[in-house]
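Sequence lines set the chain letters: A, B, ... in the order given, protein chains first and strands last, and positions in each chain run from 1. Atom set for the values below is all heavy atoms of this structure, side chains included, hydrogens, waters and symmetry mates excluded.
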There are 2 protein chains.
Amino acid sequence: MTEDLPDQTEQGKKPRVRADAQRNLDALLLAAKAVFASAGVDAPVREIAERAGVGVGTLYRHFPQRADLIKAVFRRELDACADAATQLAHTNTPGDALAAWAQRFVDFISAKRGLADALHSGDPAYEALPAYFDARLRPALTELLSAAVAAGDIRAGTDPDELLRAIARLSAPGPDGDTALGRRMVGLLIDGLRYGANAGADKS
Amino acid sequence: MTEDLPDQTEQGKKPRVRADAQRNLDALLLAAKAVFASAGVDAPVREIAERAGVGVGTLYRHFPQRADLIKAVFRRELDACADAATQLAHTNTPGDALAAWAQRFVDFISAKRGLADALHSGDPAYEALPAYFDARLRPALTELLSAAVAAGDIRAGTDPDELLRAIARLSAPGPDGDTALGRRMVGLLIDGLRYGANAGADKS
DNA sequence: TGACAAACGGAACACCGCTCCGTATTTAAT
DNA sequence: ATTAAATACGGAGCGGTGTTCCGTTTGTCA
């Protein structure tokens, strides 16, 4: 159900792709990344096309749905964030690794203004997006989580998916782009996991 | 800075208000409430006007800004939620009262699909809305919070405003209208406050 | 080199929030 | 009851979206 977006960022197996098409596709991804970061995911399509030096028709040729463009832009950064989890696991105690990655995730979301809102905002075009996010990030968080539980750093019985969503929501920066609030609240959430870690782990 | 919307729902002190104007205002509030509940706060203005049996001009006469209509619709429910805080404080221990009210707040937000997103979504038209929410809800939460701190149920040093925002974000129901997730995550957040309650209450 | 398929670009369409102003309705004075 | 003024109404219209369509241009391959 995650649909097909095989590898739009690199040239696929078929050499049939015309050179200008590939060039424009890259330009679009680059422009979209910049525009999204500055104006949010709701930025006008025309602005992205203009910045990429192409017409809107070209944009829609490559990304039939607006959400397709957003998907493509965030895939790579998503991967980077997921990879950070395994790295943090190597350089921290389980509990701290979890806390550190949560903070890292705040940064990731904060840089994508408006994305979190779009994700949970009813628009069916965006519905596939959180699923992909989860699919990519769940393994990373699951590992951190189970390791921390095994070490007795946090309580057991927390669904990684749910925790992921919760962190994502708390991470959204305020209108002034403030990330400190998100950091504090996510920290608080993680502390919630630490509350009664070893004591009542078996019960509830 | 909360502007003037003295009592748009009832007929004001001045009998100068024309009968048809009052009638249309009521119809608009009624229609808006229904449309917001079913289609979210981003529902088209024309749809609300049509359902109320008036023209869009009439709608904008009564509510110059789209946000004004939203404000008017949610004011009363806001008050009810704020009042619940003081009531819960009478029938629970401080810590439990806080937790219970947080859950009650989840219900409140869940019933207003899309509102939380709009609140934190950059649109300057909605910027006044969270301020009003805070102004109404902060006293309630502050009381619950300080009482719980005084009783040693939770840690000290948490800003009511920030906690309020965090709860609001976690409360947003999923695309399927599921509120259980929000409940769990808010509960987790409150447990975060309980983590190390008495131990380091004096420091930081 | 030439011809064809593929991609391009932007005008055009449908829909949005919001404004403006001629028309209809209510109110108040006579 | 009549009439005049004030007030509210309604919807056409404006500027801005996302998206589609198609004549034109460009790359590719024989």
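Dashed line: the shortest gap from a side-chain N or O of T58(A) to OP1 or OP2 of dA7(C) is not under 4.0 Å. Phosphate proximity of dC8(C) to N24(A): present, with a side-chain N or O under 4.0 Å from OP1 or OP2. OP1 or OP2 of dA8(D) has not a single side-chain nitrogen or oxygen of H62(B) nearer than 4.0 Å.
Contact annotation: the side chain of F105(B) never approaches that of L141(B) to less than 4.5 Å [non-hydrogen atoms, C-beta and beyond]. Considering only heavy atoms from C-beta on, L98(A) stays 4.5 Å or farther from P94(A) through its side chain. Counting heavy atoms from C-beta outward, L193(A) and L145(A) have side chains that approach closer than 4.5 Å. Looking only at side-chain heavy atoms (C-beta outward), L163(A) and L189(A) come within less than 4.5 Å of each other.
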For this session: For side-chain hydrogen bond (donor to acceptor under 3.5 Å, both in side chains), just list the numbers for Q87(B) and D83(B), CA-CA rounded to whole Å, side-chain angles, deciding distance to a tenth of an Å, and then say yes or no.
Result: CA-CA 7 Å; Q87(B) 183 183 347; D83(B) 293 343; over 6 Å; no
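Residue contacts shown for A49(B) are absent, as no nucleic acid heavy atom lies under 4.0 Å away.
Here the C1' atom of nucleotide dA8(D) and the CG atom of L59(B) are 14 Å apart, to the nearest Å. Atom C1' of nucleotide dT19(C) and atom CG of D68(B) are separated by 15 Å, given to the nearest angstrom. Rounded to a whole Å, the CD atom of Q22(B) is 16 Å from the C1' atom of dT27(C). E47(B) has its CD atom 15 Å from the P atom of dC18(C), to the nearest Å. A straight line from CD1 of I48(B) to P of dG11(D) spans 17 Å, rounded to a whole angstrom. Separating the CG atom of L69(B) from the P atom of dG17(C) is a distance of 12 Å, rounded to the nearest angstrom. Rounded to whole Å, the distance from CG on D20(B) to C1' on dT23(C) is 14 Å. The separation between R23(A) atom CZ and dG27(D) atom P is 7 Å, rounded to whole Å.
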I'd like a table of atom pairs between the protein and nucleotides 17-23 of chain D - only N or O on both sides, under 3.5 Å - with the distance next to each one.
| from | atom 1 | to | atom 2 | distance (Å) |
| --- | --- | --- | --- | --- |
| dG18(D) | OP1 | A43(A) | O | 3.4 |
| dG18(D) | OP1 | V45(A) | N | 3.4 |
| dG18(D) | OP1 | R66(A) | NH1 | 3.2 |
| dG18(D) | OP2 | V45(A) | N | 2.9 |
| dG18(D) | N7 | R46(A) | NH1 | 2.7 |
| dG18(D) | O6 | R46(A) | NH2 | 2.9 |
| dT19(D) | OP2 | Y60(A) | OH | 2.5 |
| dT19(D) | O5' | Y60(A) | OH | 3.3 |
| dT19(D) | O4 | R46(A) | NH2 | 3.3 |

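For R18(B) against dA8(D), no side-chain N or O and base N or O form a donor-acceptor pair under 3.5 Å.
Residue pairs satisfying the side chain to side chain donor-acceptor pair (under 3.5 Å) criterion with at least one member in residues 90-104 of chain B, sequence neighbours excluded, are listed as follows: T93(B)-D96(B), D96(B)-R194(B), Q103(B)-R183(B).
A salt bridge links D191(A) with R155(B); the closest basic N to acidic carboxylate O contact falls under 4.0 Å.
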